[in-house]
Each structure stands twice: as structure tokens, then as C-alpha cells.
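Side chains included, hydrogens not; waters and symmetry mates left out as well; all remaining heavy atoms used. Quick note: residue numbers are just sequence positions, from 1.
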Amino acid sequence: MRVPRHIGIIPDGNRRWAQDKGYEKKDGYQYGLTPGLHALYLAREYGINEITYYGFTTDNCKRPRIQIDSFVKACVDAVNLIAKEDVSLLVIGNKNSPMFPEELLKFTNRTNIGRGGMKVNFLVNYGWDWDISNLSNNAGRKSILDGLYSRDISRIDLILRWGGRKRLSGFLPLQSVYSDIYTIDDMWPDFKPEQFHEAMKWYNMQDVTLGG
């Protein structure tokens, strides 16, 4: 089986899941913590080298304050859970904004935890426009990529999006230019290992040419 080197996870559907269960929208985020760990373990089993989670974006901060507080807390909790594993951890986002949680500042430089190993990236208070805002007028693919705030994150081979939406929503647009995108109709809190396995089988059948 051909395995992607780097996968992106868009864990969508938390609020819709909460409403379907009779909860408030804000309550859905905490139910996404365990799925995040399961995805990490499965990626490790497949020998995937790098995984990037979409935490929250600068655009998400337009939501009601009670929801913002909830998804910020969920991101902090998720990163702290991952920080108990043997990983190479990086949190990427606009850390100069008051929306960036102070608890995660220590991970804004890549940090080897335990024995290190798989690269795990977590996007927190991330915005695609923020990511490219430091670019100069120099032409050339390498200079553009080197100018990103997210330059330590490699090209993404496969993006898995839960919640049924078929869009990137600003997820690392330059690293995603040739990504294959696999969507799962189930909401993120309803994560099942079978969904991950099916995504790997699907990717194995794709014709990856990178434009060539």
C-alpha cells in the first residue's frame, strides 16, 4: 500500500453533532478530543511521518464568545494530550493575538517530546492571510514557501475532512496545492477507525502526479 507521508485532519461537525444530541453548540468540541488521539495512533500504525490538525482559525473567532472559549479550551486540552506522546510537536498560529492561548506558547517552536518521532502540527488561531503576510515580492516557489510562518510544515499528501463539507476552509493553502481530499459525512465526534482505514485505501487508488 502506498501511504501518504503527511496527512491533514479537518475535524468538522462538532457543533452540528452537539445540536443533534440535544446539547448546546459549545459542548461539541470536548467530544473531539478522543478522536484526535485515535487518529494519531492510526497514523503511527500506518507509518505516516507527519500529521496536521486544524484547531481553530482567526475567522472562527467571529463566533459567540461562549463558543470561542469552548473551542480554545478544547485545543489546549488536545495539545496537552498529544504532548504526553512521543512526538515532535509544533503549534502554529498568530501568537501575537490575544486569541492565542498562553498555555500553548511553549510549543510554538518545534519540540521533541519523549523520544520524539512523528511530526505533529496543530493550527491554533491560524489564518491563511496571516500565514502569507510576511512574504516579500521575490518570485520563485522556494522563496515563497520559505517566507511562510508555517514553513516548517511540509506539503500535505492527503486531507481528511469530517462533517461532509467539501472545502479547505483556508487550511494551509500552499501546502495543500496538490493534496488529495477525502471527505467523511459523519461528524468528527463520531470518528471511527474504519473511516481512517477507508481513507487510506482510497488514497492508495489515486493517481498522484503533482501536475507532472
Side-chain angles (χ1 to χ4, degrees), residues 4-11 29-30 32-33 35-44 46-61 68-136 138 140-160 168-177 179:
R5 291 169 298 175
H6 182 186
I7 63 171
I9 301 288
I10 302 180
Y29 300 110
Q30 286 294 319
L33 299 181
L37 275 183
H38 287 167
L40 177 65
Y41 297 152
L42 287 166
R44 182 179 289 156
Y46 273 94
I48 292 167
N49 296 327
E50 188 169 358
I51 183 170
T52 297
Y53 295 92
Y54 214 3
F56 73 91
T57 73
T58 52
D59 288 330
N60 294 152
C61 296
I68 295 172
D69 291 342
S70 184
F71 64 61
V72 170
K73 181 180 185 304
C75 284
V76 171
D77 291 344
V79 171
N80 285 334
L81 284 173
I82 292 169
K84 296 178 182 179
E85 305 291 327
D86 293 325
V87 296
S88 178
L89 180 60
L90 176 66
V91 175
I92 284 284
N94 185 0
K95 62 184 179 181
N96 296 319
S97 162
M99 299 308 303
F100 193 96
E102 291 185 10
E103 301 96 319
L104 300 184
L105 286 171
K106 60 187 175 182
F107 297 123
T108 53
N109 292 312
R110 188 169 293 284
T111 304
N112 287 327
I113 298 170
R115 293 173 294 175
M118 183 193 299
K119 286 186 174 182
V120 178
N121 313 307
F122 213 102
L123 307 186
V124 173
N125 198 42
Y126 174 85
W128 66 268
D129 48 348
W130 163 83
D131 198 1
I132 66 172
S133 62
N134 201 37
L135 296 182
S136 68
N138 294 331
R141 186 172 296 187
K142 186 178 187 304
S143 64
I144 291 172
L145 294 174
D146 286 346
L148 297 174
Y149 283 113
S150 63
R151 57 186 168 272
D152 194 37
I153 298 179
S154 70
R155 184 181 64 79
I156 301 172
D157 300 295
L158 173 65
I159 296 170
L160 286 72
L168 282 176
S169 300
F171 180 73
L172 292 170
L174 293 186
Q175 287 92 337
S176 300
V177 288
S179 301

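- Checked by atom type and distance alone, the side chain of N125 never pairs as donor or acceptor with a backbone atom of M99 at under 3.5 Å.
- Counting heavy atoms from C-beta on, the side chains of I10 and S169 never come closer than 4.5 Å.
- Side chain of D86 to backbone of G117: no donor-acceptor contact under 3.5 angstrom is found.
- With rounding to the nearest 0.5 angstrom, the CD1 atom of I156 is 10.5 Å from the CD1 atom of I51.
- A salt bridge links R5 and D157; the closest N-O separation between the charged side-chain nitrogens and carboxylate oxygens is under 4.0 Å.
- Between E50 and I153, the closest side-chain pair of non-hydrogen atoms falls below 4.5 Å.
- The distance from the CG atom of N134 to the CG atom of D146 is 11.5 Å, given to the nearest 0.5 Å.
- Using a 4.5 Å heavy-atom cutoff, the side chains of H6 and T52 are in contact.
- Taking the side chain as every heavy atom from C-beta outward, Y126 and F171 never approach each other to under 4.5 Å.
- Considering all non-hydrogen atoms of both residues, I68 and C61 come closest at CD1-O, 3.2 Å.
- At least one side-chain heavy atom of Y41 sits under 4.5 Å from a side-chain heavy atom of E85.
- R44 places a side-chain heavy atom less than 4.5 Å from the side chain of V87.
- The closest donor-acceptor contact from the side chain of S176 to the backbone of P173 lies at 3.5 Å or more, if one exists at all.
- Residues G127 and T58 come closest through the heavy atom pair CA-OG1, 3.6 Å.
- Contact record, A43 with I7: CB-CD1, 4.3 Å, taken as the closest heavy-atom pair.
- To the nearest 0.5 Å, atom CH2 of residue W130 and atom CG of residue L148 are 9.5 Å apart.
- N49 contributes atom CG, which lies 11.5 Å from atom OG of S88 (distance to the nearest 0.5 angstrom).
- T108 is listed as a side-chain neighbour of F100, based on a closest heavy-atom distance under 4.5 Å.
- Of all heavy-atom pairs between G55 and F122, the closest is CA-CE2, 3.7 Å.
- Listed for the N60 side chain is a donor-acceptor partner under 3.5 Å among the backbone atoms of T57.
- Atom CG of L145 and atom CD1 of I132 lie 12.0 Å apart (nearest 0.5 Å).
- A side-chain contact (heavy atoms from CB on, under 4.5 Å) with F107 is found for one member of V124, N121, I113 and no other, namely I113.
- No donor-acceptor pair closer than 3.5 Å links the side chain of Y53 to the backbone N or O of C75.
- Of all heavy-atom pairs spanning D77 and Q30, the tightest one is OD2-NE2, 3.2 Å.
- Applying the salt bridge (charged side-chain N to carboxylate O under 4.0 Å, His left out) rule to pairs touching residues 88-113 yields R110-D152, sequence neighbours excluded.
- Counting heavy atoms from C-beta on, the side chains of I92 and Y149 never come closer than 4.5 Å.
- Atoms CG and CD1, on L89 and I82 in that order, are 6.5 Å from each other to the nearest 0.5 Å.
- Heavy atoms from other residues, nucleotides or ligands lying under 6.0 Å from CH2 of W128 number 12 at most.
- Of all non-hydrogen atoms in Q175 and S150, the two that sit nearest each other are NE2-OG, 2.9 Å.
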